[in-house]
Amino acid sequence: MTTNERAPEGDRTYGAVAARLEMPLVEAMETQRAVRKVLPDPVDDDIVLRCIELGLKAPTGSNGQNWQFVVVKDRELLATFAQRYRQAWRLYGGLGERVVKDDPAMQRVLGAVAWQVEHFEEIPVVVVACLEGVQRFAPVPALAASSHYGSIYPSVQNLLLAARAMGLGASLITLPLWSVTLSRRTLGLPMTVQPVCMVPLGWPRGRYGPTTRKPVGDVVHLDRFGTRPWRGRSIGRPDDDRSPEPEVRA
């Protein structure tokens, strides 16, 4: 496998692509990126379930295992969320375009998000990651919210890595869920289950590619913020010190 590989050709059943999960972890991590432009081709249910199953291996607070996942394939449901995505994007995207008008890299990122917004109904499957249990917002410290969401995002990251290994395009988005009340109603969620994020899945239209990030030494501080003795250092590949390509989570 290479860092600029295309999606698997031919047979895309779980049996045909399962062996790709043997991809070295470091390769999956170094080539994982938000892949928003995907084909409308169907994705085998077993592939989706295996990605979620690997997500369940992640730790949760107090081993509560309080996640729930809704797999959305119904075209009418996707159209409903697509409409909400566009409502939020009209505000968020318009602001973003003004802010990054002189930044070509960020313009490309916004362009990919805009494509996903306009083609959301065509995405073959969307996984909605949810948390079960009541979160009490007040009066509690900010740490409570961090602890609450810390029980879902590790599992979502596992899901994203599994999707990458098997050749699926995936991204983590939140804008279609801007109204928790409407999302609960659309998905039939009880009040004790909160939708947290969505992961659209599909076979990518383009190639996977290596990500570009800041040198690790530029974002690591020793003991106190601002003390950066490793500034400029990269430990991995020689090309790790290239200028970073920004990403947008929508």
Side-chain angles (χ1 to χ4, degrees), residues 3 24-36 55 57-64 66-67 88-89 91-113 129-131 133 135-161 163-164 170-175 177-178 180 194-199 209-250:
T3 57
L25 177 60
V26 69
E27 182 178 351
M29 295 172 73
E30 288 187 340
T31 61
Q32 181 190 38
R33 65 192 315 156
V35 178
R36 304 181 187 277
K57 301 299 182 180
T60 58
S62 302
N63 194 31
N66 56 325
W67 10 237
W89 185 247
L91 173 63
Y92 183 85
L95 177 62
E97 288 174 359
R98 290 192 293 273
V99 171
V100 305
K101 61 181 179 180
D102 298 321
D103 187 337
M106 276 300 301
Q107 287 177 357
R108 289 194 297 272
V109 172
L110 290 184
V113 179
C130 307
L131 275 174
Q135 182 190 10
R136 294 176 175 84
F137 289 95
V140 295
L143 183 62
S146 177
S147 299
H148 179 70
Y149 293 111
S151 286
I152 191 65
Y153 281 115
S155 65
V156 173
Q157 175 63 2
N158 270 17
L159 189 161
L160 291 168
L161 286 171
R164 165 64 191 99
S171 58
L172 190 163
I173 64 174
T174 55
L175 282 185
L177 300 172
W178 61 264
V180 173
Q194 177 189 2
V196 177
C197 66
M198 286 181 157
V199 180
T211 54
T212 52
R213 297 292 186 264
K214 297 177 181 179
V216 62
D218 286 5
V219 298
V220 177
H221 309 257
L222 179 62
D223 296 328
R224 295 179 66 85
F225 187 87
T227 305
R228 292 187 284 188
W230 303 290
R231 191 165 187 170
R233 286 193 62 187
S234 291
I235 308 302
R237 298 174 304 175
D239 59 358
D240 278 348
D241 60 354
R242 294 175 295 180
S243 299
E245 179 180 330
E247 290 186 357
V248 164
R249 176 172 295 168

Taking all atoms of both residues into account, what is the closest heavy-atom pair of Val156 and Ala129, and its distance?
CG2-CB, 3.8 Å
Spacing of Trp230 atom CH2 and Thr227 atom OG1 [to the nearest 0.5 Å]
9.5 Å
Nearest heavy-atom approach of Ala88 to Trp178 is CB-CD1, 3.9 Å
Report the relative orientation of the aromatic rings in Trp89 and Tyr92; use parallel for angles under 30°, tilted for 30 to 60°, perpendicular for over 60°.
tilted
Let me confirm one number: the CG-CD distance from Leu161 to Glu27, rounded to the nearest 0.5 Å.
12.0 Å
Nearest atoms (heavy-atom pairs only) where Ala170 meets Val199:
CB-CG1, 4.1 Å
Value for CG (Leu131) from CD1 (Ile152), rounded to nearest 0.5 Å, stands at 4.5 Å
Measure the shortest side-chain to side-chain distance between Ser171 and Arg36 over non-hydrogen atoms and say whether it is less than 4.5 angstrom.
yes
Please report the C-alpha distance between Thr174 and Met198 in whole Å, then the side-chain angles of each, then the deciding distance to 0.1 Å, and finally whether the side-chain contact (heavy atoms from CB on, under 4.5 Å) criterion is met.
CA-CA 6 Å; Thr174 55; Met198 286 181 157; over 6 Å; no
In Å, rounded to the nearest 0.5 Å, how long is the span from CG of Leu160 to OH of Tyr153?
11.0 Å
Residues passing the side-chain hydrogen bond (donor to acceptor under 3.5 Å, both in side chains) test with Asp223, sequence neighbours excluded, are none
Would one find more than 12 heavy atoms of other residues, nucleotides or ligands at under 6.0 Å from atom CZ of Arg228?
yes
Can you tell me how far CH2 of Trp67 sits from SG of Cys130, rounded to the nearest 0.5 angstrom?
13.0 Å
For a quick test of reading the model, state the closest non-hydrogen atom pair linking Asp218 to Gly232 and the distance between them.
OD1-N, 2.7 Å
Which atom names give the shortest non-hydrogen contact between Pro154 and Ser151, and what distance separates them?
CD-C, 4.4 Å
Working to the nearest 0.5 angstrom, can you tell me the gap between His148 NE2 and Gln194 CD?
4.5 Å
What closest approach, in Å, do Leu172 and Cys197 show between heavy atoms, and which atom pair accounts for it?
CD2-CB, 3.9 Å
Non-hydrogen side-chain atoms of Glu30 and Arg213 separated by less than 4.5 Å:
no
